[in-house]
Each structure stands twice: as structure tokens, then as C-alpha cells.
Amino acid sequence: MRDVVHTIRRLPGWLRVLMIGQFVSAAGSLAWLYMTLYLVVDRGVSAPTAGLITAAYGVGVIAGNLGGGWIGDRFGLRRTMLIAVGGWVVCCALVPITPITALPVLIAVAGAIGGINRPVGSALVATTIPADLRRVGIALSRSVSNAGTIVGPPLGALFAAYDFGLLFAFDAVTSAILWVVIFARVPRPAGSTAHTRGGGSMIAALRARPAILALLAAIVAIDTVYRLQYTVLPLWLRDHGQPTAAYGLLISLNCVLIVLAEAALAARLRGHSAIAVIGVGFLLVGAGYLLLGTGLGLIAAVAMMIVVTAGEMLYKPTATAYAADAAPDGMAGRYQSLYGAASIAGMTLSPALGTALYAHSPALVWPLGGLLAIAVGAGTLAAARPRPTPGPRPRPIPDPDLAQHPS
């Protein structure tokens with residue numbers, strides 16, 4: 001914990017204030033969490049229609065994430081973040097008064113704005129933290145957001161019980177607070193133009209350092225496995241006779257562990273090889289899911305969540321920092337977009353592949369997912385091993401006996 005406190009003291013003052021703003025905003029991020037329920041209960045649409053409308057948000061997130069990094073590099077991270085957060089405030093305020101026929105468009109726009117904000121916010125934090133503190137700083141940022149996530153859903157349930165419109169009002173207000181923090185405290189970039197920020201060839205940069213492509217491919221596979229906790233796990237718990245509340249408590253356990261331990265863990269391991277830390281994290285994700293095949297029911301699920309969360313705490317902040325370290329000047333946003341795209345690919349693949357496999361053969365989901373993660377982790381650790389550099393071939397030492405008695 002002392003390492004974490006020391007790191008916080010070394011961070012720029014404006015960045016500490018920004019993290020407080022991120023906590024407030026995360027606590028208020030309720031509108032989209034309750035969107036399907038809001039559409040069914042408050043707006044009177046059918047469940048399938050609500051699902052389709054809400055799906056527009058996911059489409060927007062993908063598009064915004066893919067383009068957000070380029071926009072941030074081209075026009076400036078601070079400016080782009082101000083526009084994105086401000087746009088989010090407007091979208092939240094418009095939802096309750098927008099007709100159902102226009103909601104899919106509005107929600108898709110909101111998703112795109114949220115998608116832009118993710119890589120730009122990550123790049124803004126990563127590029128302002130000294131390299132030796134980057135992993136710890138990113139872990140702190142994640143911990144702050146998770147702390148807000150713990151606080152938010154219970155508040156949302158209270159608001160929804162009284163008036164669903166309060167969800168969107170609260171989201172808009174907390175996001176507006178973050179906007180004010182960014183405007184007032186985040187310093188403007190000095191001495192650069194939009195063109196120099198966004199300059200450079202992305203393809204050439206990736207060719208110069210292909211290791212980042214290997215990491216992104218690994219993230220696609222690992223995040224597909226990791227997100228089984230959001231897609232297949234609730235079905236598995238239901239089929240094993242567990243109440244819905246059990247799943248909610250498991251997800252809360254994930255957030256609590258991250259808040260309590262992720263930053264301290266990052267501080268303790270910051271001197272170790274990034275690829276090695278990421279590889280161990282992958283192994284833990286795989287090992288955690290294998291525990292669900294032990295037949296211990298809820299006990300196995302709790303153990304799984306602890307082990308998988310430990311893996312998440314190792315690989316997620318470290319991989320985010322690795323992408324920031326690999327980014328050439330002016331490409332921080334685009335590299336965070338690449339990392340986000342790999343993660344979103346897992347978000348898309350996990351529901352489709354995981355649920356299909358579970359419907360076909362429930363007993364295979366956890367062994368296959370766990371072994372895939374372990375295989376990727378083993379490959380990542382193998383890549384982290386230092387390889388001997390070829391040197392000049394040693395000259396043979398002459399045998400003195402042969403020198404005295406030539407044949």
C-alpha cells in the first residue's frame with residue numbers, strides 16, 4: 001500500500017483530480033446499464049424490440065472505439081475528450097424525451113461517443129504518466145472506475161424504483177462534473193498542431209514492432225474466454241440451482257478485489273517484464289475457469305472469480321501500458337483504439353461462441369475455455385524469455401601438446 005501512496009503522490013495534481021472525476025462519472029453511469037429494463041417498463045416496448053434498440057448502442061461503441069484513437073491523435077486528446085463527454089451529457093438528457101422511433105439512432109450516437117471516450121481517455125492517462133509509473137497509474141485509474149461501478153448500480157435501483165428518468169438525469173449530471181474537471185484541470189497541449197499529433201503511418205509503425213500485433217491477437221483470444229463470466233456463467237449458475245443474486249454478488253466480488261488489490265499488485269510487479277506479467281495473467285484466467293469443472297457448484301464459482309480476477313489484475317493494466325509504451329509519438333490514441341478493438345472483439349465473440357457451445361455441450365465450455373487461455377499464456381511466457389544474442393564464434397584454443405609435437 002505504501003508503494004501505491006507513493007505513486008499517487010508522484011502523479012500530477014491534475015491527474016489525481018481527473019481520477020476523482022472518473023469515479024463520480026463511473027458511479028453515475030447508469031443509463032445504459034438499465035436501458036433494456038427502462039424501455040420495457042417505462043416506454044412499454046416488447047423485450048425483443050428493447051434488445052434490438054439496445055444493440056444499437058453496441059454497434060456505436062465498436063465504431064467509436066475504432067475511430068476514436070485517430071480522432072484523438074488528429075485533434076488532440078483533451079479536446080476530443082471534452083467533445084465526447086459533452087456529447088454524452090446531451091445524449092443522456094435527450095433519451096427520456098426522444099420518441100421510440102428515433103431512439104435507435106440516438107442510442108447508436110451515444111454508443112459511438114462512449115466508444116470514442118474509451119481509447120482517448122486511456123491514451124490521455126497513459127501518456128501523462130511517467131513510464132516507470134505507467135502500469136500503476138493505469139491500475140489506479142481502473143480501480144477508481146471499478147469503485148464507481150460498485151457504488152452506481154444500487155443507486156440506479158433506487159432511482160428506477162421511483163422514476164426511470166432520474167437514471168438519465170443522474171448520468172448527465174455526473175458526466176457534466178467530469179467535463180468540468182477536464183476543462184478546468186487537464187492542461188492544454190503546448191507547442192503542437194493537429195497535423196503533428198496525428199502524423200505518421202500506422203502500418204509502418206506496426207511493421208516496425210510486430211510484437212504488438214501478437215499481443216493484440218492474444219488479447220482477442222483471452223478476452224473471449226474472460227468474458228464468459230458475463231455470458232455463460234449466469235446460465236451455468238441458474239442451471240445449478242443458484243439464485244440470480246448469486247451472480248450479482250460474484251460480479252461485485254470482481255469489482256471489490258480490483259479496487260482493493262490491483263494498484264498494489266501493479267506497484268509490486270512494475271519492475272518485472274511486462275510480457276511475463278501478462279502471460280501469468282493469461283494462465284490464471286485459464287486456471288480459474290478450469291475450477292468450474294470440479295463439481296463444487298457455488299464454491300467453485302467463488303474460487304473461479306477470485307483466480308480469474310487475479311489474472312485480470314495482472315494482464316489488463318499491464319497490456320494497456322504495453323500498448324502505450326509501444327505507441328510512436330502522435331499515435332497514442334490509435335494504439336489504444338487497437339487494444340480496445342481487440343477487447344471488443346472478445347466482447348462480441350464470447351456471447352456468440354460461448355452460448356452456442358453451452359447449448360450444444362455444457363460440460364465442454366469451461367475445459368475448452370480454460371485450456372485455450374492456458375495455451376495462450378504459455379505461448380506468451382515463451383515469447384518473454386530472453387533469447388541469447390549471437391556473438392562472434394570463439395577461436396579454438398591450441399593444444400600445447402600438438403604445438404610441441406606436430407604430426
Side-chain angles (χ1 to χ4, degrees), residues 25-26 28-77 79-122 149 152-153 156 159-160 163-179 182 227 230-231 333-334 336-338 340-341 343-352:
S25 179
S29 296
L30 305 174
W32 316 106
L33 181 64
Y34 289 92
M35 176 58 71
T36 303
L37 189 63
Y38 160 74
L39 291 171
V40 172
V41 174
D42 204 63
R43 302 298 290 267
V45 305
S46 65
T49 302
L52 289 175
I53 294 174
T54 308
Y57 177 78
V59 173
V61 168
I62 294 172
N65 183 86
L66 291 174
W70 180 87
I71 295 171
D73 290 339
R74 178 66 176 80
F75 297 103
L77 298 173
R79 181 186 303 171
T80 303
M81 198 169 177
L82 281 171
I83 294 172
V85 175
W88 184 269
V89 173
V90 172
C91 288
C92 287
L94 288 178
V95 167
I97 61 175
T98 300
I100 289 294
T101 53
L103 268 181
V105 175
L106 176 62
I107 290 176
V109 171
I113 290 170
I116 290 171
N117 196 34
R118 291 182 183 188
V120 172
S122 294
T149 303
F159 291 147
D163 184 352
F164 271 101
L166 292 175
L167 293 171
F168 300 95
F170 189 65
D171 202 329
V173 169
T174 54
S175 298
I177 292 172
L178 176 60
W179 189 95
I182 297 169
R227 294 180 192 280
Y230 303 115
T231 55
R334 278 171 281 182
Q336 289 304 314
S337 273
L338 282 176
S343 180
I344 287 175
M347 189 186 302
T348 304
L349 292 172
S350 187

Minimum side-chain heavy-atom gap Val85-Asn117 below 4.5 Å: yes
Distance col, row Leu39:CG vs Ile107:CD1, nearest 0.5 angstrom, shows 5.5 Å
Asn65 to Ala341 - nearest heavy-atom pair and separation: ND2-N, 3.1 Å
Taking all heavy atoms of Ala176 and all of Val89, pick out the closest pair and write down the distance. N-CG2, 3.6 Å
Side chain to side chain contact (heavy atoms under 4.5 Å, CB included) between Ile71 and Val120: does it pass, once the steps are laid out? CA-CA 9 Å; Ile71 295 171; Val120 172; 6.0 Å; no
Between Val95 and Tyr38, does the side chain to side chain contact (heavy atoms under 4.5 Å, CB included) criterion hold? Intermediate values first, please. CA-CA 11 Å; Val95 167; Tyr38 160 74; 4.0 Å; yes
Side chains of Ile116 and Thr80, heavy atoms from C-beta outward: is any pair under 4.5 Å? yes
Under the 3.5 angstrom rule, does the side chain of Thr98 hit a backbone N or O of Leu94 as a donor-acceptor pair? yes
Is the shortest side-chain heavy-atom distance between Trp88 and Leu178 below 4.5 Å? no
Would you say that Met35 contacts Ile53 through its side chain, given a criterion of any heavy-atom pair below 4.5 Å between the two side chains? no
Ser343 and Arg227 side chains, donor-acceptor separation under 3.5 Å: yes
How far apart are the C-alpha atoms of Val45 and Leu103, what are their side-chain angles, what is the distance that settles it, and do they pass the side chain to side chain contact (heavy atoms under 4.5 Å, CB included) test? CA-CA 12 Å; Val45 305; Leu103 268 181; over 6 Å; no
Rounded to the nearest 0.5 Å, the CD1 atom of Ile83 sits from the CH2 atom of Trp179 at a distance of 10.5 Å
Okay, side chain of Asp171, backbone of Cys92: is any donor-acceptor separation there less than 3.5 Å? no
Correct closest heavy-atom pair for Gly69 and Pro119 would be N-CG, 4.0 Å
For Gly68 and Ser337, work out which heavy atoms get closest and say how close. C-OG, 3.9 Å
Atom of Gly333, atom of Asp73 and distance for their closest heavy-atom approach: N-OD1, 2.9 Å
